[in-house]
Amino acid sequence: MDRQSGDLVELGGGWSLWPWFCLRAAGFPVDLLEPLADPRLAALADDLGTAPEAEREAAYRTRFDSAGVALGRALHRAASDPLVREAVAWQNPQALTTGFDTLLRRDPGTVSRTGRHRKTETLVTSYLHRYCAKNDTIGFFGPLRWGRIDPDQPLPVGPTDDDTPGSRTLYLEGWALAALGRALAPPLRPWLVPRLLPLLRADGSSLRIPLAADVPLDPVSAAVLAALRPGRTAREVVAAVVAAPDAPTGDPDRVWAALTGLHRARRIEWTLEAPADDLRAAETMRAVVAGVDDPAVREPALRAFDRLAAAAGGVEAARGAPDKVVAALGTLGTVFTELTGEASVREAGALYAGRTLVFEECRRPDSVVLGRAALDPLRGPLALLLDSARWYTAAGAALYRRTLRTVFDRLADGRADGVVPLAELWLTARGPLLDAPDALVRPLTRALHQRWERLLAVPEGVRRVARTSADLRAGFAEVFPAGPPGWAAAVQHSPDLMIAAPDLDAVRAGDFDWVLGELHPSYHTMRYASWVDCHPEPEALAAAMAADLPGGVVRIGATGAQGGTATRFSRRLLGPADRRLVFAPDTCDADPERDLVVGACDVVDVGGRLTVRRHADDPGFDLVEVFADLIAGNLMPHFRLLSPAPHRPRVTIDRLVVNRETWTFPAAALGFAGDADEARRFLAARRFAVGHGLPRHVFVRATGEKKPVHVDLTSLASVEVLARMVRRADRTAGSEARVTVTEMLPAPDQMWLADADGRRYSAELRFVAAPSR
C-alpha cells in the first residue's frame, strides 16, 4: 500500500492508523524456557501446604534434587546452543566467556548447587528469559518486520512474502566513531569545522555564558567567533579573519593561536565528527578526511578508518560462528583501543546503553498484513485511549507552561527589557525538563488515573473487570473533555499491542483478543534510525510524517555520540518544515538560520505567551512547542489507566485488555528471597504465589530495575532470579523497596506467532495513530 499521499487507515472515533506498523518478536521461541521449569515440583510444593507431612516433604526433597539436575542439564543444553551463544556473543562477549562457558565446564549431572554455581545459572537464565519472553530487537536475534494494514484483506492476519529480501546490517556505534574522531582530529584541524558550543553566544567583544558573568574576548578571538559558519573549515576561518577590512591582525599565526585557545577553554568544538543520528558516520567522516590536500596528514587518518573498517568487516564475516564472533569482536576492540586510547566497551553491565562498538539490525523478508477484521475489536476502546492521551498532553502542556512561567518570571525579575536568554532558562529548568521530571508529572498522572478509575468503576476484590466502549463513551466527554492536543506533535500517539490467540488459525477464525502493552502519548515509536533504514520505502514514511504535521514542529537535535543515546535509538523522519532544538556539544550539523541553537535564542513574553526567538524580528516559537519532545518524553512513561495499588485486576474494554492483573508488594513481603536454603526458598515462594493467586508466568520489576523481568514461578532458576532481584532492591532502597508483579499476557500458550516447526514467539505490533483527515 503506497502512502506517498499521506493516506490513513480509518479506525473510528476521529482517529486513524498509519498503514505501516512494526512487528517486534522475541529472538527465540518461548518453548526454549519450558525445560527450565518443573511444574511437578511446583505442584508438590503446593500440596505440602503450611504444615507438611514427613512423607510429602521427603517426596518434595527427592523431586527437588532431581529438578536441580534436570535444570542443570537444560541450562547446559541452552548454553551450548550455537544460536544462543551467537546472540550473547553479539550483545556481551564477556558474559559468554565468563558465564556461559563457566557453566559448560561443569558436569550438569554431578555439579553441586552452590551459591556461586546458582549465580552462573542465574546469568544464563536471565539471558534466556530476555531472548525468549521479551519483545526486544537484539540484532539478528529479534528481527524487525515491517507490516501493513490492508482494509480490503478478508482475513484478520495474513503473513505474506514481501518482495524485499531480508537483510542483516552491521553498524558502528556513534560513540565509538566520535572517539575515533577525537583521536584523529589534532593534525586534521585545519580542514575541520570549528563551531561555538551551543549554550554559548558570541556578542561582539564578549562571550555570554549562561548563569555566569560575560567573558571578555580579545579582538582576535572575537573576530574568530564572528567568522564561524556551518561548513567553514578552520583554514577558511583564518583566511576570513585575516582578509576582513577591519581585521584585528594580519598574522595568520595569531588567528590559529586564538582558535587553539578557544578550543582549550572549551568554548568551541573542533573535531572530526558526524551527526549523532548518522548510521554511516564512518563514511561521512572518511569523506572529510579524503578531502584533505596534505598526504602526510590525510593518509594516516585514512589508514585508521581502513583498519577499523577491516576489523568491523571481520565481525561481519564471523556471523554464524559464536566463537569467531567473540574473537572478531576482540580484534575490533583491540584495534579501536590502539586507534583511540579508549576502552572498547562503555557503561559495562548496562543492558540498554549501546555499550559495544557495533550492533546489528535485521529485517525479515516476510511481513504481516492485517485486515479490517483484525481492527474491528480495537476501534471503540482504542479511540477512547487515544482521546485520553490527547487530554493528557493538553494537561501536561498546561502544567509545564505554568512551571516554565515561574522560572521565566524569576529570571526576568530586574531585567529592564524582560528578555531571558534561552540558555539560562534551559539550565534553570533542567530539573523538571531533564533531571527529575517525575515530581512535577506525578500530580498529572494521579489525575489521569482518577479519571480512568472513575470511568471504569473497578470494584474492590475482583480479578476480572469487563467494560464496553459504548457504555464508557456515554460519560467519557465529561471526564476527558475534548480539546486540542498540548502541542503540534501531540496529534500522534503510538500504541504497542499484542494478539492473544492459541495459533494463527484461531486469529483467522476471529478467536483472539488484543492486549495493550503501552500507549506512548505524542511519541512516534517507529522513528528509530535503524528501523527507518530497513523500511522498504523510507521516503514514504517521511511523507507520512509531513502529512500529519504539515506546519512542522521543533524536534530535539540528535545527540548521544559522546555518551548518551545509542545510535540505533536516535530518531529520524524530520519533515521539511521541522526545526531542531540544538543544545548538545555533539550536534554538529545545526543550521543557525533555521534551527534553534539554545545559546543564540532568547525567551520573551509576547501577549502573555512565552516565545523563543533568535533575533528581534523573529516571530518566534511557543516555548512549550520548543520543549515538546522533552515534555512528551517525561509524560510518556507514566501513561497508565490505574494508579499503583496492592492489587489491580485485569480490565478489558470490548476485546482489548487495557490493564493486566498486577500486584505490588513491599520487598520485605517476599521474605523467602533471603533464605539461603534453595529447597526451602522455592517452597516458600510457591506458598507466596499460591497465597496471592499469582499466575505461573509473570513479569517482575523491583525498585532500581530499569526493565521488567520474566519469571516462571515453577522454575528453580527463575525463582533464583526473582530472589536476587528482591535482595538487590532491598539493599538499595531498604524499606522503600517495592516489587511489582504483572501477569504475562499473552501467556506462552496464547502466542499466535510461530515458525515452521510450530514453536511460539512472543510478539508485539507497534502502531502510529493520528487524527482522521
Are side-chain N/O atoms of E361 and Y528 paired as donor and acceptor at under 3.5 Å?
->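 Note: E361 and Y528 side chains miss the donor-acceptor criterion.
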Side-chain donor-acceptor contact under 3.5 Å, W191 with D293 |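 D293 and W191 do have a side-chain donor-acceptor pair below 3.5 Å.
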Side-chain ion pair, [X] and [Y], N-O less than 4.0 Å:
{"X": "R195", "Y": "E273", "answer": "yes"}
{"X": "K119", "Y": "E720", "answer": "no"}
{"X": "R759", "Y": "D31", "answer": "no"}
{"X": "D730", "Y": "R738", "answer": "no"}
{"X": "E705", "Y": "R728", "answer": "yes"}
{"X": "D323", "Y": "R85", "answer": "yes"}
{"X": "R430", "Y": "D435", "answer": "yes"}
{"X": "D591", "Y": "R579", "answer": "no"}

Before giving the answer on side chain to side chain contact (heavy atoms under 4.5 Å, CB included), spell out for E269 and H263 the whole-Å C-alpha distance, their side-chain angles and the decisive distance to 0.1 Å.
-> CA-CA 6 Å; E269 185 61 276; H263 183 247; 4.1 Å; yes
Results of salt bridge (Lys or Arg N to Asp or Glu O under 4.0 Å) for D629 - residues two or more places apart only |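 Salt bridge (Lys or Arg N to Asp or Glu O under 4.0 Å) check on D629 returns R555, R571.
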Got [X] and [Y] here, is their nearest side-chain heavy-atom distance under 4.5 Å?
{"X": "L225", "Y": "L262", "result": "yes"}
{"X": "L581", "Y": "V597", "result": "no"}
{"X": "V326", "Y": "E86", "result": "no"}

Is there a side chain to side chain donor-acceptor pair (under 3.5 Å) between H76 and D107 once you walk through the steps?
-> CA-CA 9 Å; H76 197 278; D107 184 346; over 6 Å; no
Supply the atom-to-atom distance S530 OG to L279 CG, rounded to the nearest 0.5 angstrom.
->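 So the gap between those two atoms works out to 6.0 Å.
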Ignoring hydrogens and geometry, is there a side-chain-to-backbone donor-acceptor pair from [X] to [Y] under 3.5 Å?
{"X": "D586", "Y": "P275", "answer": "no"}
{"X": "W256", "Y": "V238", "answer": "no"}
{"X": "T587", "Y": "A558", "answer": "yes"}
{"X": "D496", "Y": "L765", "answer": "no"}
{"X": "S344", "Y": "F336", "answer": "no"}
{"X": "R168", "Y": "E360", "answer": "no"}

Starting from the C-alpha separation in whole Å, work towards a yes-or-no answer on side chain to side chain contact (heavy atoms under 4.5 Å, CB included) for F359 and W90.
-> CA-CA 7 Å; F359 68 95; W90 280 101; over 6 Å; no
What residues form a side-chain hydrogen bond (donor to acceptor under 3.5 Å, both in side chains) with D712, not counting sequence neighbours?
->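 If we apply the side-chain hydrogen bond (donor to acceptor under 3.5 Å, both in side chains) test to D712, skipping adjacent residues, the hits are R696, T714.
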Can you check side chain to side chain contact (heavy atoms under 4.5 Å, CB included) on V289 and R298, steps first, answer last?
-> CA-CA 6 Å; V289 174; R298 179 183 67 240; 4.3 Å; yes
Please report the C-alpha distance between K707 and K134 in whole Å, then the side-chain angles of each, then the deciding distance to 0.1 Å, and finally whether the side chain to side chain contact (heavy atoms under 4.5 Å, CB included) criterion is met.
-> CA-CA 10 Å; K707 296 282 188 177; K134 299 193 71 177; 3.6 Å; yes
